[in-house]
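Letters A, B, ... mirror the listed sequences (proteins, then strands); counts begin at 1.
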2 protein chains.
Amino acid sequence: MPVLSLPDPPLEDALDLLNTGFECGGMITLVGECEVDYDGRASSHLPPGERLVILKPDGTLLVHRDEQRKPVNWQPPGSTHSARIDRDRLIVESVRSSPHEEIEIVFETLMQATLLELDDASDLALAGSEEDLRQRILADPDVLEAGFKAMVTERETAAGAIDIYGQDADGTPTAVELKRRRVGPDAVGQLNRYVEALERDPPSRSIRGILVAPSVTDRAEELLATEDLEFISLTTEESGLSQGRSSPNSEE
Amino acid sequence: MPVLSLPDPPLEDALDLLNTGFECGGMITLVGECEVDYDGRASSHLPPGERLVILKPDGTLLVHRDEQRKPVNWQPPGSTHSARIDRDRLIVESVRSSPHEEIEIVFETLMQATLLELDDASDLALAGSEEDLRQRILADPDVLEAGFKAMVTERETAAGAIDIYGQDADGTPTAVELKRRRVGPDAVGQLNRYVEALERDPPSRSIRGILVAPSVTDRAEELLATEDLEFISLTTEESGLSQGRSSPNSEE
DNA sequence: GGATGTATCTCGGTT
DNA sequence: AACCGAGGTACATCC
């Protein structure tokens with residue numbers, strides 16, 4: 001992986017590096033004092049300051065300060081980058097369409113310009129997602145409740161898709177909503193929408209709604225009660241030990 | 001702003017640079033082939049590949065590939081970074097507590113190590129947020145509906161806080177939920193939760209629920225109808241032109 | 001520190 | 001391209 005780095009580069013050299021990078025599909029980092037203007041889904045202005053700017057070959061642009069995980073400004077993948085020199089300042093622009101968004105970065109000074117070609121074909125392997133929780137239940141439905149039978153995943157209703165649709169030991173239709181972490185009122189509302197949609201479509205009653213998550217907040221618990229929904233505490237395999245029906249706030 | 005950059009550094013030099021950066025509160029970027037393991041809220045493994053690693057003085061850590069806006073791995077602000085050399089490889093670790101999370105990056109090769117001290121005191125000025133939409137309505141409630149009176153913002157209910165609570169021209173209590181962009185079923189569910197909570201608390205009827213957004217999806221429109229809620233099309237000032245009551249899907 | 005809701009959310013999957 | 005929901009969401013704000 002070739003790395004070309006220019007310390008305190010003349011603007012023309014930096015511009016060359018940028019254009020080379022745009023052509024060869026490399027990744028570029030710029031360090032310097034700059035001003036950033038953005039206009040698109042929202043609009044913003046960032047007064048001058050020293051930042052790290054990253055331009056990826058897929059059209060991503062990131063402007064990072066020395067704090068925070070999120071870039072202070074950015075452009076999503078698929079954007080088109082360009083650079084030019086205007087009145088002795090390096091200007092980097094990035095535009096995307098649909099929706100139209102553009103960002104303009106004006107460098108007052110440039111401390112470093114680097115061109116990288118990263119070779120990376122690996123895939124991230126992630127464990128502990130909601131999908132893992134689903135697999136756990138499908139592999140052994142009894143962890144949910146003795147006698148529970150999972151029938152469909154992602155079953156469509158007028159209000160959206162139910163994570164797991166099945167029947168309990170009595171044969172009562174049951175909607176199960178899964179969350180990988182402690183949930184608040186929104187998840188209860190989500191489950192409630194699905195259950196009500198089921199009860200409307202073929203007009204019916206006594207459809208159970210079960211929220212499966214590690215735990216719920218107080219307000220979510222109240223809502224579960226008023227909406228006559230249930231909660232079962234379960235976690236993804238590796239992210240905890242608790243399991244089984246218990247108080248909604250159990251968390252050791 | 002001093003910039004110290006080492007191309008293809010010996011591991012000892014890179015380690016020195018890292019420790020210097022940790023001490024002086026600088027920002028560090030590393031480029032090289034590495035393997036990443038993460039364990040915390042979830043867990044992940046990323047096989048070897050060439051990436052850009054950023055360590056911020058606030059404890060943020062980012063691992064960026066040459067595509068995507070999101071880092072493939074990261075550590076949130078507040079984490080504690082450390083580095084060491086083990087069996088001829090540079091190892092960078094970052095740990096945080098509450099919740100406990102750790103990431104380990106093992107560099108097989110290192111192409112660049114850079115130490116930056118970014119001077120940046122500016123604040124981002126952002127326009128077009130939901131807050132702007134709220135201000136617009138509070139400044140002139142008639143843009144919502146003739147005769148509407150806003151009484152409270154963030155009014156608490158058993159189900160959460162209502163963006164704007166007020167009365168229409170007839171004096172009917174009204175809950176208003178604001179969204180800065182086109183909304184789906186979740187926003188309807190949210191508004192519905194608030195309205196039902198209001199109708200429960202002092203048991204009552206005929207409380208209006210109005211969703212204010214640029215537009216809604218088909219499914220959201222259906223839900224609005226079944227829940228007897230209303231929709232008014234409004235945008236933040238600069239992000240569009242449409243305004244006034246209209247078909248939920250109007251979007252030109 | 002927990003709870004709640006917004007976000008230029010991002011991202012993947014599906015229609 | 002739009003829609004829908006998950007996310008190690010991050011982040012601010014309020015308690």
Contact under 4.0 Å: [X] side-chain N or O vs [N] OP1/OP2:
X        : N     : result
B:Gln190 : C:dT4 : no
B:Ser43  : D:dG8 : no
A:Thr217 : C:dT4 : yes
A:Arg182 : C:dA3 : yes
B:Ser98  : C:dG1 : yes
B:Tyr194 : C:dG5 : yes

Length of the [atom1]-[atom2] vector between [X] and [N], whole Å:
X        : N      : atom1 : atom2 : value
A:Arg219 : C:dA3  : CZ    : P     : 11 Å
B:Arg180 : C:dG5  : CZ    : P     : 19 Å
B:Ile164 : C:dG5  : CD1   : C1'   : 15 Å
B:Lys179 : C:dC9  : NZ    : P     : 12 Å
A:Leu124 : C:dG12 : CG    : P     : 11 Å
B:Glu102 : D:dG8  : CD    : P     : 17 Å
A:Asp132 : D:dA6  : CG    : P     : 15 Å
A:Glu156 : C:dT14 : CD    : P     : 11 Å

Taking only the side-chain heavy atoms of [X] (C-beta and beyond), determine which of [options] contains the nearest atom.
X        : options             : result
A:Glu177 : D:dA6, C:dT8, D:dT9 : D:dA6
B:Asp163 : D:dG5, D:dG7, C:dT6 : C:dT6
B:Glu130 : D:dC4, C:dT8, C:dA7 : C:dA7

- Item | Nucleic acid footprint by protein, nucleotides 10-15 of chain D - heavy-atom cut-off 4.0 Å, B for base, S for sugar-phosphate alone | SSS---
- Message: Base, sugar-phosphate or nothing for A:Ala187? Non-hydrogen atoms, less than 4.0 Å.
- Response: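 Here A:Ala187 touches no strand at all.
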- Task: Just call it for B:Ala220: base, sugar-phosphate, or nothing, with non-hydrogen atoms closer than 4.0 Å on any strand.
- Result: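 If one applies the 4.0 Å heavy-atom cut-off, B:Ala220 turns out to touch nothing in the nucleic acid.
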So, using salt bridge (charged side-chain N to carboxylate O under 4.0 Å, His left out) as the criterion, who are the partners of [X] when residues are at least two apart?
X        : answer
A:Arg134 : A:Glu131, A:Glu154
A:Glu177 : A:Lys179
A:Asp120 : B:Arg51, B:Arg65
B:Glu101 : B:Arg41, B:Arg96

- Message: Going by side-chain hydrogen bond (donor to acceptor under 3.5 Å, both in side chains), name the residues that satisfy it together with A:Arg219, two or more places apart in sequence or in a different chain.
- Response: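 Testing A:Arg219 for side-chain hydrogen bond (donor to acceptor under 3.5 Å, both in side chains), a comparison that skips the adjacent residues, returns B:Glu156.
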- Query: Among all residues two or more places apart in sequence or in another chain, which pass the side-chain hydrogen bond (donor to acceptor under 3.5 Å, both in side chains) test with B:Asn73?
  - Reply: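 Result, side-chain hydrogen bond (donor to acceptor under 3.5 Å, both in side chains) vs B:Asn73: B:Ser44.
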- Item | Test side-chain contact (heavy atoms from CB on, under 4.5 Å) applied to A:Tyr194 and A:Ile207, A:Thr157, A:Asp163, the passing residue |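 Result: among A:Ile207, A:Thr157, A:Asp163, A:Thr157 is the only option passing the side-chain contact (heavy atoms from CB on, under 4.5 Å) with A:Tyr194.
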- Item | Any N/O donor-acceptor pair, A:Asn73 side-chain to C:dT8 base, under 3.5 Å |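 Between C:dT8 and A:Asn73, which were checked side chain against base, a qualifying N/O pair under 3.5 Å is present.
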- Task: Check whether the side chain of A:Glu154 and the base of D:dG5 form a donor-acceptor pair under 3.5 Å.
- Result: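 Not at all, since no donor on one side and acceptor on the other fall under 3.5 Å apart.
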- Any donor-acceptor N/O pair, A:Arg84 side chain to A:Ile91 backbone, under 3.5 Å: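 Not at all, since once roles are kept as given, no pair shorter than 3.5 Å links the two residues.
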- Item | B:Thr174 side chain to B:Arg208 backbone, donor-acceptor under 3.5 Å |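 Checking the backbone N and O of B:Arg208 against the side chain of B:Thr174, no donor-acceptor pair under 3.5 Å is found.
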- Message: Rounding to an integer number of angstrom, what distance separates D:dG8 and D:dC4 when you compare their P atoms?
- Response: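 22 Å, rounded to whole Å.
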- Query: Using the C1' atom in both, what is the distance from C:dT6 to C:dT10, to the nearest Å?
  - Reply: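 Roughly 14 Å separates the two C1' atoms.
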- By side-chain contact (heavy atoms from CB on, under 4.5 Å), which residues pair with B:Asp58, not counting sequence neighbours?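 Testing B:Asp58 for side-chain contact (heavy atoms from CB on, under 4.5 Å), a comparison that skips the adjacent residues, returns A:Glu67, B:Lys56, B:Thr60, B:Pro77.
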- Task: Would you mind telling me which residue lines up with the more 5' stretch of DNA chain D, B:Gln75 or A:Arg193, judged by nearest nucleotide?
- Result: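 Per heavy-atom nearest nucleotide, the more 5' residue is A:Arg193.
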- If you find the nucleotide of DNA chain D closest to B:Ser44 and the one closest to A:Ser97, which residue's nucleotide is nearer the 5' end?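 Here A:Ser97 is the residue nearer the 5' end.
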- Message: For DNA chain D, which residues of residues 45-65 of chain A approach it to below 4.0 angstrom with any heavy atom?
- Response: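 Close to the strand, none.
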- Report the C-alpha distance between A:Thr236 and A:Arg180 in whole Å, list the side-chain angles of each, state the deciding distance to 0.1 Å, and finish with yes or no for side-chain hydrogen bond (donor to acceptor under 3.5 Å, both in side chains). CA-CA 7 Å; A:Thr236 59; A:Arg180 68 172 301 281; 5.1 Å; no
